[in-house]
Structures are given as C-alpha cells and as structure tokens.
2 protein chains.
Amino acid sequence: MSTAPYIVPIRRRAGASTRMQVYVALSEAIVRSELEPGRQLSENELASQLGVSRTPVREALARLREDRLVEVVPQIGTFVSRISDEAVGDAQFIREALECAAVRRAAELATEDDVRILEENLEAQQRAVDAVDDEAINALDNAFHQTLCELSRHPMVWAISQRAKGHLNRVRRLSLLRPEYLGGMLDEHRSILTAVERHDPDAAELALRYHLRMVLSELPAIRATHPDYFEEA
Amino acid sequence: MSTAPYIVPIRRRAGASTRMQVYVALSEAIVRSELEPGRQLSENELASQLGVSRTPVREALARLREDRLVEVVPQIGTFVSRISDEAVGDAQFIREALECAAVRRAAELATEDDVRILEENLEAQQRAVDAVDDEAINALDNAFHQTLCELSRHPMVWAISQRAKGHLNRVRRLSLLRPEYLGGMLDEHRSILTAVERHDPDAAELALRYHLRMVLSELPAIRATHPDYFEEA
DNA sequence: GGGGAAATACTTGCATACAAGCATCCATGT
DNA sequence: ACATGGATGCTTGTATGCAAGTATTTCCCC
C-alpha cells in the first residue's frame, strides 16, 4: 500500500545512538516533504528499510510525535502530520517569543568577533543566492538564526525553538524554493545584524519579528501550490 | 545499593497509555524531590516497582531526559539530574520569553469572563494561603499561570513552557514551602491580573516578568538548605 | 598484608516475541 | 443482489531476550 520510495538506509556510526540517527533521518525527510504529509508510516516498514529493529524506530517516532511531525493512533497507524494553520500559528508564536527574546540578549552581548562571523555568513548567503544553491541557502539561513540564538548565552533556546517549529520548518523549506523571496530575506538578515551591531535590542527584535513574519506571508501561496499537504481548515 | 523507598506502584487505567502514567509518576516524584537529585535509577528496578516491563519505563525515561530531569549515561546508569545554575537559567529564560509573550496576548484578548475566572482563582489562592495548604497553593498557582497562557489562544505554549522548565519547577516547588514568600506571591498575581483586566500588555508583561524573577530570587536560600541537590558550580 | 587481575553483577541499547485491537475482504446465507 | 459474519492481515503496545560495556568485588599470588 504505502510504497516508500525515498528512504534512507542509515549506516550506524559509532558515537551516535541509532535512535538519534533514525530521528534525524526521518525528521529531515519530513521537513523536506520527501515523506509527504498524510502518508502512513509503518514501524516495521521503516525498520526494515533503515536496517534496524523496531525499537529505535519506535523511539524516534515518539520524539517526532512530540514535535507534532507525526501522529500516532494506537492500533491504527502512524501518519506524517499534515500542515495545519493551528500548528503553524503555535510554532510561529513560540519561535517569535524565543528568538526575539534571544536576539535582544544577543544585541546586548555581541562582540565584534560575533558580528564579524555573522557578516561572513551573510556574504556566504549572498553567494549562495547568486549561485541559486538551495541547500546552501537553507543551511546558511539556519546557521544565521542559530548563531543569533546562541549569542544569548542560552544555546538551549535554539534547541527548543528548533523542535517546536516542526511545521514551520516545512513551510520555510517550501518558501526558500520561491526565488522571489530570496532578495528580501537577505535584506532582512542585514537589518537584524545592523541592529545587533549597534547594540540596539529594540531594533533587533523589531527587525527579527518582521523577518519571521515574512516567512509566514508565503503560506497562502504555498498552500495553493500543495493543497494536499495541508489539513482541511 | 540504591534503595527506593518512595515509589509508587501504578495501576494501569484504561484510556491512558502506561508509558504516560509512568512518565507522570516519575516526573512528579522528581519535581517533588521524592526522587532526590543525584540518585541513580534503574530501568529494571523501576519496572518491577511500578509493576510494568522495561519498555514503558524506558520510554518515560527518554521523555524525562528531554526535560533534563534525568541524565542517561549509556552502559553506566540513569540518574536524577542535580539542579544546575545553567539549567535553571535556561529554563527561566525560556519561561520568561514564552509566558511574557503569552500574557501580552492575554491582555489583548481577555474577556470579562476570563478575568472573573482568574479572580476566583486568586480568591482560592488566598484561602489556600490562609489554610497553609501547600498542595492547593501549588495547584492554584499552576492553574493561574496555565490559564494566562491559554488566554493567548496558543495552549501549546503552556505545554512547551511546562516541559522546558523542569529544573525550575523543582526550585519553585521548594520555594512554595517557604512561608515568607507566599504573601508576595499573591500581590504579584494580583498585579498581573489587574494589568490584564486593563488590557495593558506592557504592564502585564512587566508584572509577570517581575513575578517570575522573584521565584528565582529564592534560589540561594534553597541552595543553602539543600546543597546536595545542586550541581557543583 | 598488599596489589593485581579475572570473574561477576550490574547497567543501558537493541532485537525479537507476544498480546490486543481495528479494518478490510471474502464467503455465505437470505 | 444484498447484507452479515468471520477469517485474515495489518497496526501499535508491551514484555522479554540478547549483546556490549563498565564498575566493583573477590580471589589468588607475591
């Protein structure tokens, strides 16, 4: 029934528990929409495809359920969550609250070295945009936000934010593929960095909040493109 | 070696998965410091004491690890986390960010009914303080903050906040037992509610932030009382 | 008596076997 | 033809068995 084209034999590396490798593999596959929203997942099927037993698969699915990326119905099945306005709204609210609080601290605490690192990231973003390298754009965008969070001296904030915004990541992932958004994204990043450099928490928060909301503004267009990825409203 | 006096045979109720019952039981036992920080836990021991097998115990421990309430060291053991300044600081930062953002929305959205419910909660708090009923105080305090969060229309915020602040809950739990704090707590709650009633987000955020920091101010005294509960600085 | 090494008793991580429940499909009876 | 009941194959939840690794303990030798 549910054929599984995209997945993903993992090879077990020393130093990382297999359940964490399974979690990362599945999480990325879902965020990239390689495992399409609504699709049914089978613990047995995933286990055999990944080359491990059900136990680590099961533990990874439990974690994904906490991220709201899958829904587990006892005795029925496990399904990739469809994107829902409610979940996206929750994720957006949480991300704004956490990252804006973090960027305020970042603006207070950032050193010249910190700013320089962020500058270099932005230059790399410019190159990635010019080269139309979606993978690089996504990675650099992530790194930019993560670095900002970590400047708050509370690295945990990034981890929590990252996990809370599973649905949002899928939307963001689809947004980044829309070229008309890329220029705006760069300008917004520059505005944030400028405020941080000036040690202006209010301006930094305002710029970040605007930036985060822009990602959301792409949502209707994405929903129109992939209606089957979304929950019925 | 690690004798286990306090725990807790759970009886399996229909409608709730046993792993969730195990999680709740262990979580409460840790927050109440019935399972003391630093203590070693054994999956086998817990399983036999709770009357279930290792599997649900293991899954509950995985969740507790994500809450940073336990630390799992492969091939060595599982330990109740000691309270650390870093973890408490992280939890405080995250709680402030989330609950302050929520209370701003709450101040914008609260209806007269909402305010009335919170008023009744405060009156019950007054009665509980007069009766020196620690259990009731704790429950009502929790309910007050939860209700505020839910007024933001993002109930998920409370769930995330609740889980992120595991260490903080232990501190708060110990704080509530210090009678000299109770009067101040009530006044602070009243200030928050007044601001919400006036639909004044700035005042509400300010009052809540002050209130949340007060809990933290008890930390040195608690540390002095229970030095063995804390990580070496 | 003291020191070292091997055996032992634990730990968690992973794999597998068993149990319970739901859906579907097919056969059978009306 | 249609409805109904049962067998079958799936699902997740739980229990248990096996493997690998570490700390401790004990025994033997010096």
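Below, read A as the first sequence line, B as the second, and so on, with proteins coming before strands; counting in each chain starts at 1. In this text, all values refer to a predicted model and were calculated from it rather than measured experimentally.
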**Q** Can you measure A:Gln75 atom CD to D:dT11 atom P for me and round it to whole angstrom units?
**A**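 Computing the A:Gln75:CD to D:dT11:P distance gives 12 Å.
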
**Q** Output the rounded distance in Å from CD (A:Gln21) to P (C:dG13).
**A**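 Spelled out: CD on A:Gln21 to P on C:dG13 is 14 Å.
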
**Q** Answer yes or no: is there a donor N or O on one side and an acceptor on the other, between the side chain of A:Asp114 and the main chain of A:Thr111, under 3.5 Å?
**A**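 Looks like yes, one N/O pair under 3.5 Å.
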
**Q** Can you tell which of C:dC14, C:dT12, D:dT12 lies closest to the side chain of A:Pro56?
**A**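 Out of C:dC14, C:dT12, D:dT12, the nucleotide with an atom closest to A:Pro56's side chain is C:dC14.
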
**Q** Expressed in angstrom and rounded to an integer, what is the separation of A:Arg54 atom CZ from C:dA15 atom C1'?
**A**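 So the CZ-C1' distance, A:Arg54 to C:dA15, works out to 11 Å.
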
**Q** Ignoring hydrogens and geometry, is there a side-chain-to-backbone donor-acceptor pair from A:Ser81 to A:Arg68 under 3.5 Å?
**A**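 Indeed, once roles are kept as given, a pair shorter than 3.5 Å links the two residues.
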
**Q** Quick one: closest heavy-atom pair of B:Glu36 and B:Val80, and the distance?
**A**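 Scanning both residues, the minimum pair turns out to be O-CB, 3.5 Å.
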
**Q** I need the CD-P distance between B:Gln40 and D:dT24, as an integer number of Å.
**A**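 Spelled out: CD on B:Gln40 to P on D:dT24 is 10 Å.
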
**Q** Any side-chain to backbone donor/acceptor pair from A:Ser217 onto A:Met214? Under 3.5 Å, distance only.
**A**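 Yes: the side chain of A:Ser217 pairs with the backbone of A:Met214.
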
**Q** Please tell me which of the listed nucleotides, C:dC14, D:dT12, D:dA23, lies nearest to the side chain of A:Asn44?
**A**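 Ranking C:dC14, D:dT12, D:dA23 by closest atom to the A:Asn44 side chain puts D:dT12 first.
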
**Q** Provide, to the nearest angstrom, the distance between the CZ atom belonging to A:Phe79 and the P atom belonging to D:dC10.
**A**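 My rounded result for the distance is 15 Å.
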
**Q** So what does A:Arg19 hit on the nucleic acid, given a heavy-atom distance under 4.0 Å: a base, only sugar-phosphate, or nothing?
**A**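 It contacts sugar-phosphate atoms only.
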
**Q** Output the rounded distance in Å from CD (A:Glu43) to C1' (D:dG13).
**A**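 Atom-to-atom, A:Glu43 to D:dG13, this comes out as 9 Å.
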
**Q** What is the distance, to the nearest angstrom, from the CG atom on A:Leu50 to the P atom on C:dG13?
**A**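 Value for this atom pair: 19 Å.
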
**Q** Is it true that A:Glu135 and A:Arg173 make a salt bridge, defined as a side-chain N closer than 4.0 Å to a carboxylate O?
**A**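 Salt bridge present between A:Glu135 and A:Arg173.
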
**Q** Any donor-acceptor pair under 3.5 Å linking the side chain of B:Arg82 with the backbone of B:Asp228?
**A**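 Yes: the side chain of B:Arg82 pairs with the backbone of B:Asp228.
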
**Q** Measure the angle between the two terminal helix axes of the helix from C:dG1-D:dC30 to C:dT30-D:dA1, five base pairs each, and quote it to 10°.
**A**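 Nearest ten degrees gives 30° for this helix.
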
**Q** Both B:Ile76 and A:Glu59 contact DNA chain C. Which one's nearest nucleotide lies toward the 5' end?
**A**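 By nearest-heavy-atom nucleotide position, the 5'-most residue is B:Ile76.
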
**Q** Starting from P on C:dT12, measure out to CD on B:Glu71 and report it in whole angstrom.
**A**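 That distance rounds to 14 Å.
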
**Q** Which of the following nucleotides, C:dG13, C:dA15, D:dG13, is nearest to the side chain of B:Arg58?
**A**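 Between C:dG13, C:dA15, D:dG13, the one nearest the side chain of B:Arg58 would be C:dG13.
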
**Q** Between the side chain of A:Ser152 and the main-chain N/O of A:Leu148, is any donor-acceptor distance below 3.5 Å?
**A**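 Not a single qualifying donor-acceptor pair exists.
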
**Q** Looking at B:Ser42, I'd like to know whether one of its side-chain N or O atoms comes within less than 4.0 Å of OP1 or OP2 on C:dT11.
**A**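 The answer is yes; a side-chain N or O of B:Ser42 sits under 4.0 Å from OP1 or OP2.
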
**Q** Measure from the side-chain heavy atoms of A:Val52 and tell me the nearest of C:dT12, D:dT12, C:dA15.
**A**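 For the A:Val52 side chain, the nearest candidate turns out to be C:dA15.
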
**Q** Taking NZ, NE, NH1 and NH2 as the nitrogens, is one of them in B:Arg63 or B:Glu66 under 4.0 Å from a carboxylate oxygen of the other?
**A**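 Salt bridge flag = no for B:Glu66 with B:Arg63.
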
**Q** Less than 4.0 angstrom between a side-chain N/O of B:Thr18 and OP1 or OP2 of D:dT14, yes or no?
**A**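 Result: yes.
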
**Q** Return the nearest nucleotide to the side chain of A:Ser53; candidates are D:dT14, C:dT12, C:dA15.
**A**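 Nearest to the side chain of A:Ser53 among the choices is C:dA15.
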
**Q** Side-chain N or O of B:Thr78 less than 4.0 angstrom from OP1 or OP2 on C:dT11?
**A**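 Answer no for this pair, as no side-chain N or O of B:Thr78 is under 4.0 Å from OP1 or OP2.
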
